[in-house]
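What follows is a single structure, written as structure tokens, with notes after it.
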Amino acid sequence: MRIKSAPTGLEYVKERIAKIVADAVTRLKADGTLPADAQPAIIVERTRDRAHGDFACNIAMMLAKQAQSKPRELAEKIVAALDTGTQVARVEIAGPGFINFFLGPAAWHSVIGEVLTQGEVFGRSTLGAGKRVQVEFVSANPTGPLHVGHGRGAAYGAAVADLLEAVGYEVHREYYVNDAGRQMDILATSVWLRYLELGGTEFDFPSNGYQGDYVQDIAATLRREHGDSYQHSAEELFTGIPADAPAGDKELHIDALIERSRQLLGDNRYRYVFELGLNTILDDIRDDLGLFGVNYQEWYSERSLVESGAVNKTIERLRHSEHVYEKGGALWFRSTDYGDEKDRVLVRDNGQSTYFASDIAYHMDKLERGFERVIDIWGADHHGYVPRVKAALEALGDDPGRLDVLLVQFAVLYRGGEKVQMSTRSGEFVTLRQLRKEVGSDAARFFYVMRKCEQHMDFDLDLAKSQSNDNPVYYIQYAHARVRSVFRQLAEKDLVWNREAGINGLDTLTEAHEDALLVKLSRYPEILESAATNHEPHQLTHYLRELANDFHTYYNAHTFIVDDATLRDARLALIEATRQVLSNGLHLLGVSAPDTM
RNA sequence: GCGCCCGUAGCUCAACAGGAUAGAGCACCGGCCUUCUAAGCCGACGGUUGCAGGUUCGAAUCCUGCCGGGCGCGCCA
């Protein structure tokens, strides 16, 4: 979903309270009660318990020492200095010195009008206006289809990116395509070997080759396009090649096969097989992610970095930095100077630069493209990689503080209470495509972001699939559909909702359930801001669950389509606003908001 | 062995830059459909926040040390 602009100049309830407190602090500084140089952070929080009011401020406890006063006594002075205006009904001092604010109903009513007039833009803010941030995520090697592990990175990265955009950042979503390394050569060779098998050549497929069915499919395409013209015999292929495991070394074996493939095919035809494999898989990944609601501004090629000379340029720059030395014929980066565990190789003794070298060049390029913040979303198994990348950026004179690496822990799938076994080597992994097909894109997107990224996740396939009350996705979607259903009922009864009358008649909403719903709706912008800045989309999933809960409760307790037109219009305004917020939140997570279920 | 992440109700997880009586869902038990979708609602049960110290007005949250689990420690990518 693309939404161009966020509203400007909005001031949410919480901010109004913070401002009232800040003004009081200024007054107390002026009269000497507080030291003039005090720079307190005004923290206003939603209370957990409404017996403590709607908002609480702990400022008196924070400043007590500086003011040489007891927290509660200072709290009283602050309260005396408050200019609360019309929306605050009551202020109380409680516990160790909290200042609790009780708001009147009118304070919440404005929220409904804002939601209804702003529609799908409601909740968005300009917090990050003018700042560019890059989010790089998934970036799986294009050597096979995405599996469920990548799915979490995809759902999480997309949600983080969309949230940042929602609070005003200009977001650049990027997929780094590792199209240059040895793995790609293994893929190309695997494809060609399968092609040879299809042509009747018999041999043992290398244990280190790519085993999946998709390799056979690509080989079949090659045969369809070129017939027998790429065919060679097993003798040509294997004569002089070192043995495969278990007798020999599987790495030496596959490397020798890659070399032999190059010789036998020649540069052009080898290139052709290579490109066919790469493009087929990349197209598949792009399609897969697209159907998952995950889209990018840019697919950035590693090879383009190598070919443009950027990698060599980076190596040269590092060479002049005094953090680089030669040992054993290889070129090393002394990352231990920056706290890394050991030094890292930039250029191997065979003259080939490492993946690490390209990655330094890539990150340097990111920073030079002028993003205020660069966010990498990696699998947790790459955590050891963070220090060396930051070290290299520092050695190059860049600020590693601009790079945030968010590590996503693994998701373990459960089916029928049993852990789903996955082994990449046999090609028997569960692909993202299979997961989408099994549980649907909505459930998969939602489940993947229900946990904060550093939490190990148990993904219950049965639960995600179940169309029951245990499933939070359906629970929230059902709330949305229910509102739509109410309006369909309204039409069947030949009644029309008067929106303006509803907004003007909000005073008639005096039920506790209505109050709870109003308060919950007013929190939405705060949730977005917090979820975005903390990179925690799970906050939004929990919020939506709570909002749906408040709605279902209200639905069961009261009838909306009542005879009293004023009350009816007001109630419909409230539930339509609820529907809008549910819809906005779900869309940010890449989940649909259905009209019927 | 070293490093990173995690440890909260029987299970899966929350707890908003340390806040007040640690909250939800599931499971189990008991209620609610002649009224807008019961894919729903209400109630009950459930805790020494892994253990032991420390920091302060106040700790699940910060620090130290243990215990337990995951991941990583290549001239692979």
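Quick note: numbers below take in every heavy atom, side chains included, and nothing from hydrogens, waters or symmetry partners. Just so it is clear, the model here is predicted, and its values are computed rather than measured. Below, chains carry the letters A, B, ... as their sequence lines are ordered, and counting in each starts from 1.
Summarising the local packing, NZ of Lys70(A) is surrounded by 12 or fewer heavy atoms from other residues, nucleotides or ligands at distances under 6.0 Å. For Asp563(A), the CG atom is loosely surrounded, since the number of other residues' heavy atoms within 6.0 Å does not exceed 12.
Comparing U56(B), A14(B), C41(B) against the side chain of Lys65(A) picks out U56(B) as the nearest. Closest contact between the side chain of Glu341(A) and the listed nucleotides G19(B), G72(B), C5(B) involves G72(B). Which of G19(B), C13(B), C36(B) sits closest to the side chain of Asn58(A) comes down to G19(B).
Residue Tyr475(A) places at least one side-chain N or O under 4.0 Å from the OP1 or OP2 atom of C41(B). The phosphate of C4(B) (OP1 or OP2) has no side-chain N or O of Gln409(A) nearer than 4.0 angstrom. Contact check, His538(A) against A15(B): a side-chain N or O comes under 4.0 Å of OP1 or OP2. Applying the 4.0 Å criterion to OP1 and OP2 of A38(B), one finds that Arg482(A) has a side-chain N or O inside that range. A close approach under 4.0 Å does occur between a side-chain nitrogen or oxygen of Asn549(A) and OP1 or OP2 of C41(B). Phosphate contact (OP1/OP2 of C16(B), side-chain N/O of Lys14(A), threshold under 4.0 Å): absent.
Contact of Asp381(A) with G72(B) (side chain to base): no donor-acceptor pair of N or O atoms is detected under 3.5 Å. Side-chain atoms of His456(A) and base atoms of C6(B) include no donor and acceptor less than 3.5 Å apart.
Residue Lys493(A) is classed as having no contact, given no heavy-atom separation below 4.0 Å to the nucleic acid. Among the heavy atoms of the strands lying under 4.0 Å from His558(A) is at least one base atom, whether or not backbone atoms are also near. Thr559(A) comes within 4.0 angstrom of a nucleotide base, judged by non-hydrogen atoms across all strands. Within the 4.0 angstrom heavy-atom criterion, no nucleotide atom of any strand lies near Ala531(A). Residue contacts shown for Ala64(A) are absent, as no nucleic acid heavy atom lies under 4.0 Å away. Residue contacts shown for Ala481(A) include a base, since a base heavy atom lies under 4.0 Å away. Contact annotation for His552(A): backbone-only contact, meaning every heavy-atom pair under 4.0 Å involves sugar-phosphate atoms and none involves a base. At a threshold of 4.0 angstrom between heavy atoms, the contacts of Thr143(A) with the nucleic acid are absent. Note on Thr553(A): only backbone sugar-phosphate atoms sit closer than 4.0 angstrom, heavy atoms only; bases stay farther off. As judged by a 4.0 angstrom heavy-atom cut-off over every strand, Asn100(A) is placed among the base-contacting residues. The residue Pro96(A) sits close to a base: some heavy atom pair falls under 4.0 Å.
Tyr475(A) carries Arg545(A) over the face of its six-membered ring, with the cationic atom under 6.0 Å from the centre and within 45° of the normal.
With RNA chain B read from its 5' end, the first of the two nearest nucleotides for His542(A) and Met62(A) is the one closest to His542(A).
If you take NE2 on His542(A) and CE on Met450(A), they are separated by 7.5 Å, rounding to the nearest 0.5 Å.
Ring geometry, His513(A) versus His558(A): the interplanar angle exceeds 60°, so the pair is classed perpendicular (tilted spans 30 to 60°).
Residues of residues 571-582 of chain A that place a heavy atom closer than 4.0 Å to RNA chain B do not occur. Interface residues of residues 44-52 of chain A facing RNA chain B, ordered by number: Arg46(A), Arg48(A), His52(A); criterion, heavy-atom separation under 4.0 Å.
Under 3.5 Å, the side chains of Gln183(A) and Thr143(A) contain no donor-acceptor pair of N or O atoms. For the residue pair His538(A) and Arg451(A), no side-chain donor N or O sits within less than 3.5 Å of a side-chain acceptor on the partner.
Using a 4.0 Å cut-off between charged nitrogen and carboxylate oxygen, Glu526(A) and Arg46(A) count as a salt-bridge pair. Salt-bridge check for Arg571(A) with Glu514(A): passed, with a basic side-chain N closer than 4.0 Å to an acidic carboxylate O.
Stem analysis of RNA chain B (Watson-Crick or G-U pairs, both distances under 3.5 Å, runs of at least three) returns B:1-7 with B:67-73, B:10-13 with B:23-26, B:29-32 with B:40-43, B:50-54 with B:62-66.
Summarising the geometry of Arg482(A) relative to Asn556(A), their closest heavy-atom pair is NH1-ND2, 3.9 Å, with the distance given to 0.1 Å.
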In a table with atom names and distances, give each donor-acceptor pair under 3.5 Å that connects a side chain of residues 353-365 of chain A to protein atoms at least two apart or in another chain.
unit_1, atom_1, unit_2, atom_2, d
Thr354(A), OG1, Val345(A), O, 3.0
Thr354(A), OG1, Leu346(A), O, 3.3
Thr354(A), OG1, Phe356(A), N, 3.4
Thr354(A), OG1, Ala357(A), N, 3.2
Ser358(A), OG, Glu302(A), OE2, 3.1
Ser358(A), OG, Thr354(A), O, 3.4
Tyr362(A), OH, Glu174(A), OE2, 2.7
His363(A), ND1, Asp359(A), O, 2.9
His363(A), NE2, Asp376(A), OD2, 2.5
Asp365(A), OD2, Tyr300(A), OH, 3.0
Asp365(A), OD2, Arg369(A), NE, 2.9
Asp365(A), OD2, Arg369(A), NH2, 3.2

Less than 3.5 Å apart, which donor and acceptor atoms pair up between the side chains of residues 483-497 of chain A and the rest of the protein, not counting sequence neighbours?
unit_1, atom_1, unit_2, atom_2, d
Arg484(A), NE, Asp595(A), OD1, 2.8
Arg488(A), NH1, Asp595(A), O, 3.2
Arg488(A), NH2, Asp595(A), O, 3.3
Trp497(A), NE1, Asp569(A), O, 3.0

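Between the CH2 atom of Trp378(A) and the P atom of C5(B) there is a distance of 15 Å, given to the nearest Å. Between Asp376(A) atom CG and C4(B) atom C1' there is a gap of 17 Å when expressed in whole angstrom units. Rounded to whole angstrom, the span from the CZ atom of Arg451(A) across to the P atom of G25(B) amounts to 14 Å. Leu127(A) has its CG atom 19 Å from the P atom of C16(B), to the nearest Å. Between the CE atom of Met61(A) and the P atom of A17(B) there is a distance of 16 Å, given to the nearest Å. At whole-Å resolution of the value, CG in Asn556(A) and P in C32(B) are 14 Å apart.
Judged by distance alone, with hydrogens and angles left aside, the side-chain atoms of Tyr543(A) form a donor-acceptor pair with the main-chain N or O of Lys520(A) at under 3.5 Å.
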Each nucleotide N or O in nucleotides 75-77 of chain B that has a protein N or O under 3.5 Å away: list the pair and distance.
unit_1, atom_1, unit_2, atom_2, d
C75(B), O2, Asp349(A), N, 3.0
C75(B), O2, Asp349(A), OD1, 3.1
C75(B), N4, Gly328(A), O, 3.1
C76(B), OP2, Arg348(A), NE, 3.0
C76(B), OP2, Arg348(A), NH1, 3.1
C76(B), O5', Arg348(A), NH1, 3.4
A77(B), OP1, Arg348(A), NH1, 3.1
A77(B), OP1, Arg348(A), NH2, 3.3
A77(B), OP2, Arg348(A), NH1, 3.4
A77(B), OP2, Tyr355(A), N, 3.4
A77(B), O2', Asn141(A), OD1, 3.2
A77(B), O2', Asn141(A), ND2, 2.7

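G65(B) and A20(B) are spaced 29 Å apart, taking the P atom of each and rounding to whole Å.
Applying the 5.5 angstrom centroid cut-off and the 30 degree plane-angle cut-off, the aromatic ring of Tyr555(A) is not stacked upon the base of G40(B).
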